[in-house]
Amino acid sequence: MAGRKRRKMKSLAATAANNGAASSEEREESDEQNSLFRVPVDILEQILCRLNLKENILASAVCKQWLAAAISVRVANKPPWLMFFPKFGDLVEFYDPSVRQTYSVELPELRGSRLCYAKDGWLLLYKPRSLRVFFFNPYTKDMINLPGLELTYQIVAFSAAPTSPDCIVFTVKHVSPTLVAISTCKPGATEWTTANYQNRLPFVSSIWNKLVFCNGLFYCLSLTGWLGVYDPEEHTWLVRVVPPPRCPENFFVKNWWKGKFMAEHNGDIYVIYTCSTANPVVYKLDQINKIWVEMQTLGGLTLFASFLSSQARTDILGVMRNSIYFSKVRFYGRRCISYSLDKNRYYPRKQCYDWGEQDPFESIWIDAPPDLSAFA
């Protein structure tokens with residue numbers, strides 16, 4: 001009996017020793033892992049500041065030290081503001097969709113003008129009576145004039161802010177079923193450069209009504225979805241062999257062309273189709289395979305659609321991600337109409353809008369101001 005008790009005690013002691021060894025090994029492993037996370041704060045911040053918003057949020061879950069460092073260097077993009085052009089008077093309204101706030105400012109400089117395009121916080125405008133074309137920053141009220149040019153209703157865009165040496169203004173005009181006239185100009189130039197190019201499209205497809213600048217090229221989308229490309233360096237025009245994106249059912253209703261939008265982000269081109277009887281459909285251009293790919297998710301991207309120019313943003317905090325925001329505000333300025341690809345529904349609910357009834361020149365998305373001093 002005594003022998004069995006001694007053997008049992010020895011067995012328990014061995015087990016305890018093994019457990020102790022295991023615990024020691026676990027502690028050493030845990031200490032080793034913790035040492036990987038105990039990085040000097042300045043070095044950790046230098047590492048974390050190189051991450052995008054999604055990676056930053058994931059890294060902040062490692063430990064309290066990483067959380068504090070991640071928050072200290074976290075950068076979130078601001079959404080653009082929706083600018084409403086006045087039909088009467090000089091009072092221009094700006095709507096911030098992130099806080100659902102509207103700001104107003106008197107801008108008599110825009111009187112008698114028509115919106116053409118917006119990019120990098122600048123507007124491109126046209127005065128039909130005087131044929132004047134000019135840039136205007138609504139926050140600083142800086143103005144840069146261009147040579148006069150008759151612009152009817154053809155699309156116009158520019159590549160960068162007019163203060164940049166890379167700024168090129170571009171417009172394409174339908175001349176005939178097989179001919180387009182392309183005009184370009186740079187700030188400081190004394191005249192526009194115009195040349196005719198073969199179009200090689202049937203009549204209804206030869207009218208170009210959407211335009212973005214991407215990777216040094218101007219991409220134009222025709223009424224029926226064909227893609228034209230202008231290279232400002234080589235002065236060449238080409239209609240790409242890319243089948244048009246498939247329109248959603250019931251899309252071809254009255255003024256259907258107003259429900260089509262085009263945006264660019266980091267070298268990718270997106271097209272949005274929407275109408276009052278169908279949910280929006282988003283396509284991304286596959287440049288390699290020369291096809292439009294329907295997007296089931298935007299991967300955190302947010303698209304801001306308006307008739308004249310649309311924008312895209314990543315790294316926006318909150319519920320705005322993976323959504324499309326349209327250029328219409330309802331409920332007395334409290335809600336911007338949006339569509340969530342995550343939820344497959346409009347917000348506010350059942351507020352899909354008939355874009356065919358909207359004036360395409362009444363609003364445009366523009367970069368938010370760096371501060372609110374312009375509205376003080």
Side-chain angles (χ1 to χ4, degrees), residues 113-120 122-128 130-135 144-162 164-242 244 257 260-264 267 269-271 285 287 290 307-310 360-361 364:
S113 301
R114 192 183 78 204
L115 286 169
C116 294
Y117 203 75
K119 188 181 181 72
D120 296 339
W122 286 82
L123 298 168
L124 182 64
L125 299 115
Y126 172 62
K127 288 184 179 287
S130 62
L131 307 185
R132 180 185 169 199
V133 186
F134 64 102
F135 288 100
I144 299 175
N145 289 312
L146 291 173
L149 181 71
E150 183 177 2
L151 297 174
T152 51
Y153 286 95
Q154 68 261 39
I155 51 176
V156 188
F158 56 97
S159 58
S164 166
D166 299 324
C167 178
I168 303 172
V169 187
F170 167 90
T171 181
V172 55
K173 182 179 180 180
H174 167 78
V175 176
S176 73
T178 59
L179 202 67
V180 293
I182 290 177
S183 300
T184 58
C185 187
K186 288 190 172 185
T190 57
E191 62 182 10
W192 291 74
T193 300
T194 301
N196 291 339
Y197 294 86
Q198 290 297 314
N199 204 43
R200 307 181 194 280
L201 280 178
F203 177 79
V204 71
S205 294
S206 61
I207 299 175
W208 306 92
N209 76 327
K210 288 291 173 284
L211 178 56
V212 297
F213 183 78
C214 178
N215 290 335
L217 304 173
F218 288 98
Y219 287 81
C220 310
L221 201 68
S222 78
L223 282 177
T224 51
W226 292 99
L227 195 65
V229 182
Y230 179 74
D231 186 334
E233 291 292 329
E234 301 294 331
H235 307 288
T236 57
W237 168 259
L238 174 68
V239 178
R240 287 275 182 90
V241 185
V242 179
W257 47 274
K260 184 174 64 176
F261 310 95
M262 191 177 183
E264 179 275 337
I269 298 174
Y270 299 87
V271 169
L285 179 62
Q287 299 267 17
K290 295 182 172 57
F307 182 83
L308 295 170
S309 63
S310 300
F361 300 99
I364 198 168

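In what follows, every heavy atom counts, from backbone to side chain, and hydrogens, waters and symmetry copies are set aside.
Taking every heavy atom of both residues into account, Ser310 and Phe261 meet most closely at OG-CB, 3.7 Å. Between Cys167 and Pro162, the shortest heavy-atom contact is SG-CA, 3.7 Å. Nearest heavy-atom pair across Val180 and Trp208 is CG1-NE1, 3.7 Å. For the pair Val212 and Tyr117, the tightest heavy-atom approach, listed with the atom from each and the gap, is CA-OH, 4.0 Å. Of all non-hydrogen atoms in Cys214 and Ile269, the two that sit nearest each other are SG-CG1, 4.0 Å. Smallest separation of non-hydrogen atoms from Ile182 and Trp237: CD1-CE3, 3.5 Å.
In this structure, Thr171 contributes its side chain and Gln154 its backbone to no donor-acceptor pair below 3.5 Å. Listed for the Glu264 side chain is a donor-acceptor partner under 3.5 Å among the backbone atoms of Gly267. A donor-acceptor distance shorter than 3.5 angstrom exists from the side chain of Lys260 to the backbone of Leu223, with no hydrogens or angles considered. Within the 3.5 Å criterion, the main-chain N or O of Pro147 finds a donor-acceptor partner in the side chain of Trp192.
By the 4.5 Å heavy-atom criterion applied to side chains, Val133 and Tyr126 are counted as neighbours. Side-chain atoms of His235 and Thr193, non-hydrogen and from C-beta on, never get closer than 4.5 Å to each other. Looking at Phe218 and Pro232, their side chains come closer than 4.5 Å, going by heavy atoms from C-beta outward. A 4.5 Å side-chain heavy-atom check between Val239 and Leu227 finds every atom pair outside the cut-off.
Here the CG-SG distance, from Leu211 to Cys116, works out to 11.5 Å after rounding to the nearest 0.5 Å. In this structure, the separation between NZ on Lys186 and OG on Ser159 is 8.0 Å, given to the nearest 0.5 Å. To the nearest 0.5 angstrom, Leu308 atom CG is 6.0 Å from Leu115 atom CG. The OG atom of Ser222 sits 7.5 Å away from atom CG of Asn209, with the distance rounded to the nearest 0.5 Å. Expressed to the nearest 0.5 Å, how far CG of Leu217 lies from CG of Leu238 amounts to 10.0 Å.
Partner of Phe158 under the ring pair (Phe, Tyr, Trp, His ring centres under 6.0 Å) criterion, chosen from Phe170, Phe213, Trp122, Phe135: Phe135. Residue Val172 forms a side chain to side chain contact (heavy atoms under 4.5 Å, CB included) with just one option from Ile155, Val156, Asn199, and that option is Ile155. Checked options Leu146, Thr194, Leu149, Ile168; the residue passing with Cys185 is Leu146 (criterion: side chain to side chain contact (heavy atoms under 4.5 Å, CB included)).
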Before giving the answer on side chain to side chain contact (heavy atoms under 4.5 Å, CB included), spell out for Gln198 and Leu179 the whole-Å C-alpha distance, their side-chain angles and the decisive distance to 0.1 Å. CA-CA 5 Å; Gln198 290 297 314; Leu179 202 67; 3.7 Å; yes

Kindly indicate, with the supporting measurements, whether the criterion side chain to side chain contact (heavy atoms under 4.5 Å, CB included) is fulfilled by Lys210 and Val271. CA-CA 9 Å; Lys210 288 291 173 284; Val271 169; over 6 Å; no

Full working for side chain to side chain contact (heavy atoms under 4.5 Å, CB included) between Leu285 and Met262: CA-CA 11 Å; Leu285 179 62; Met262 191 177 183; over 6 Å; no

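The neighbour count for Glu191 CD, taken as heavy atoms of other residues, nucleotides or ligands under 6.0 Å away, does not exceed 12.
In this model, no donor atom of one side chain and acceptor atom of the other lie less than 3.5 Å apart for Thr152 and Glu150.
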